[in-house]
Amino acid sequence: MVNEGDLFPDLTLVDDQGNPVSIKDFRGRKVVLYAYPKDNTPGCTQESCDFRDNLKRIEGKGAVVLGVSKDTAAGKAKFKAKYDLNFPLLADEDNSALETLGLWKDKNMYGKKVRGIERTTFLIDEEGRVSRVWRKVKVPGHVEEVIAAL
């Protein structure tokens with residue numbers, strides 16, 4: 001599990017265009033990396049649109065936004081186009097990054113135990129160190145919390 005103060009793992013994932021993206025490529029800038037359960041679901045769509053609507057404010061504080069889930073790169077491209085999202089979405093189809101981050105967990109869904117992504121946001125500083133972690137994120141108001149922390 002990745003915690004505040006840790007050096008963020010050197011992960012490389014494929015973005016919504018099929019291009020490899022390494023977290024280390026963003027050294028020198030702050031990174032807001034939010035992990036969400038699934039494209040095109042109500043909470044995930046709202047969270048993504050909240051980041052979209054506030055991207056200028058986030059960029060104004062020297063940060064980039066990246067979203068990640070288990071969905072495919074092709075699915076992410078459709079999700080991004082459907083909601084006019086203005087930042088990269090990363091695909092972790094084999095769960096390797098999500099497991100490294102400690103986000104692939106047992107969850108309760110409608111009374112059934114399932115494995116899935118725990119909605120989490122990492123704020124990574126310019127040197128690649130985790131300066132803040134929000135776990136079990138509640139979507140309403142979350143982006144404002146992230147902006148305040150920047």
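Atoms considered below: every heavy atom in the structure, side chains included; atoms not considered: hydrogens, waters and symmetry mates. If you read the sequence from its start, that first residue is 1, and numbering goes on from there.
Val64 and Val143 fall into different hydrophobic clusters, where Ile, Leu, Val, Met, Phe, Trp and Tyr residues are linked whenever their side-chain heavy atoms come under 4.5 Å apart, directly or through other members. Cluster annotation: Val146 and Val65 are assigned to the same hydrophobic cluster (Ile/Leu/Val/Met/Phe/Trp/Tyr, side-chain heavy-atom contacts under 4.5 Å, transitive). In the hydrophobic cluster analysis, where Ile, Leu, Val, Met, Phe, Trp and Tyr join through side-chain heavy atoms closer than 4.5 angstrom, Ile117 is grouped apart from Val14. By the criterion of side-chain heavy atoms lying less than 4.5 angstrom apart, applied directly or through intervening Ile, Leu, Val, Met, Phe, Trp or Tyr residues, Leu89 is grouped together with Val32 in one hydrophobic cluster.
The distance from atom OG1 of Thr41 to atom CD of Glu47, rounded to the nearest 0.5 Å, is 9.5 Å. Here the NZ-CG distance, from Lys56 to Asn86, works out to 7.0 Å after rounding to the nearest 0.5 Å. Here Leu90 contributes atom CG and Leu11 contributes atom CG; the two are 9.5 Å apart, rounded to the nearest 0.5 Å. Put simply, CD on Glu59 and CZ on Phe87 are 10.5 Å apart, with the number rounded to the nearest 0.5 Å. We find the CD1-CG distance between Ile23 and Leu7 to be 12.0 Å, quoted to the nearest 0.5 Å. Atom OG1 in Thr121 sits 12.0 Å away from atom OH in Tyr36 (nearest 0.5 Å).
When every heavy atom of Cys44 is checked against every heavy atom of Phe79, the shortest pair comes out as O-CZ, 4.2 Å. Here the shortest heavy-atom pairing between Asp125 and Glu127 reads OD1-N, 2.9 Å. When all heavy atoms of Ala35 and Leu98 are compared, the closest pair comes out as CB-CD2, 4.3 Å.
Arg52 pairs by the salt bridge (Lys or Arg N to Asp or Glu O under 4.0 Å) definition with nothing, not counting sequence neighbours. Under the side chain to side chain contact (heavy atoms under 4.5 Å, CB included) criterion, Thr120 pairs with Leu103, Glu118, Phe122, Val133, Arg135, not counting sequence neighbours. The side chain to side chain donor-acceptor pair (under 3.5 Å) test applied to Asp25 returns no partner, not counting sequence neighbours. Judged as a side chain to side chain donor-acceptor pair (under 3.5 Å), and not counting sequence neighbours, Asp15 has no contacts. Scanning for salt bridge (Lys or Arg N to Asp or Glu O under 4.0 Å) contacts around Lys61 gives an empty result, with sequence neighbours left out. Remark: Ser22 pairs with Thr12 by the side chain to side chain donor-acceptor pair (under 3.5 Å) rule, at least two apart or across chains. In this structure, the side chain to side chain contact (heavy atoms under 4.5 Å, CB included) partners of Glu99, at least two apart in sequence or on a different chain, are Asn95, Trp104.
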Run the side chain to side chain contact (heavy atoms under 4.5 Å, CB included) test on Asp106 and Val114 for me, step by step, so that the C-alpha distance in whole Å, both residues' side-chain angles and the decisive distance to 0.1 Å come before the verdict. CA-CA 6 Å; Asp106 289 327; Val114 296; over 6 Å; no
Please test Leu33 against Phe8 for side chain to side chain contact (heavy atoms under 4.5 Å, CB included), starting from the C-alpha separation and ending with a verdict. CA-CA 11 Å; Leu33 177 70; Phe8 196 83; 3.4 Å; yes
task = Evaluate side chain to side chain contact (heavy atoms under 4.5 Å, CB included) for Leu123 paired with Val130, printing each intermediate quantity in order.
result = CA-CA 6 Å; Leu123 177 55; Val130 178; over 6 Å; no
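Note on residues 26-37: no pairs pass salt bridge (Lys or Arg N to Asp or Glu O under 4.0 Å), not counting sequence neighbours. The list of salt bridge (Lys or Arg N to Asp or Glu O under 4.0 Å) pairs with a residue in residues 79-95, not counting sequence neighbours, reads Asp16-Lys80. Sorted by first and then second residue, the pairs that involve residues 130-150 and meet ring pair (Phe, Tyr, Trp, His ring centres under 6.0 Å), not counting sequence neighbours, are Trp134-His142. Residue pairs that meet the salt bridge (Lys or Arg N to Asp or Glu O under 4.0 Å) test with at least one member in residues 64-74, sequence neighbours left out, are Lys38-Asp71, Asp71-Lys76.
Here the side chain of Asp6 pairs a donor or acceptor atom with the backbone of Asn3 at under 3.5 angstrom. A donor-acceptor contact shorter than 3.5 Å is absent between the side chain of Asn54 and the backbone of Arg57.
Between Ile58 and Ile147, some side-chain heavy-atom pair lies under the 4.5 Å cut-off. Arg132 has its side chain out of reach of Glu145: every pair of non-hydrogen atoms, C-beta onward, lies at least 4.5 Å apart. Looking at heavy atoms from C-beta onward, Val31 lies in side-chain contact with Leu66 at the 4.5 angstrom threshold. Side-chain atoms of Leu13 and Val21, non-hydrogen and from C-beta on, never get closer than 4.5 Å to each other. Ser69 has its side chain within reach of Asp39: a pair of non-hydrogen atoms, C-beta onward, lies under 4.5 Å apart.
Side chain to side chain, Ser48 and Tyr34 meet the donor-acceptor criterion of an N or O pair below 3.5 Å.
Ion pairing of Glu4 with Arg129 is absent here, as no side-chain N (NZ or NE/NH1/NH2) approaches a carboxylate O to less than 4.0 Å.
Residue Val139 is found outside any hydrophobic cluster, as its side-chain heavy atoms come under 4.5 Å of no other Ile, Leu, Val, Met, Phe, Trp or Tyr.
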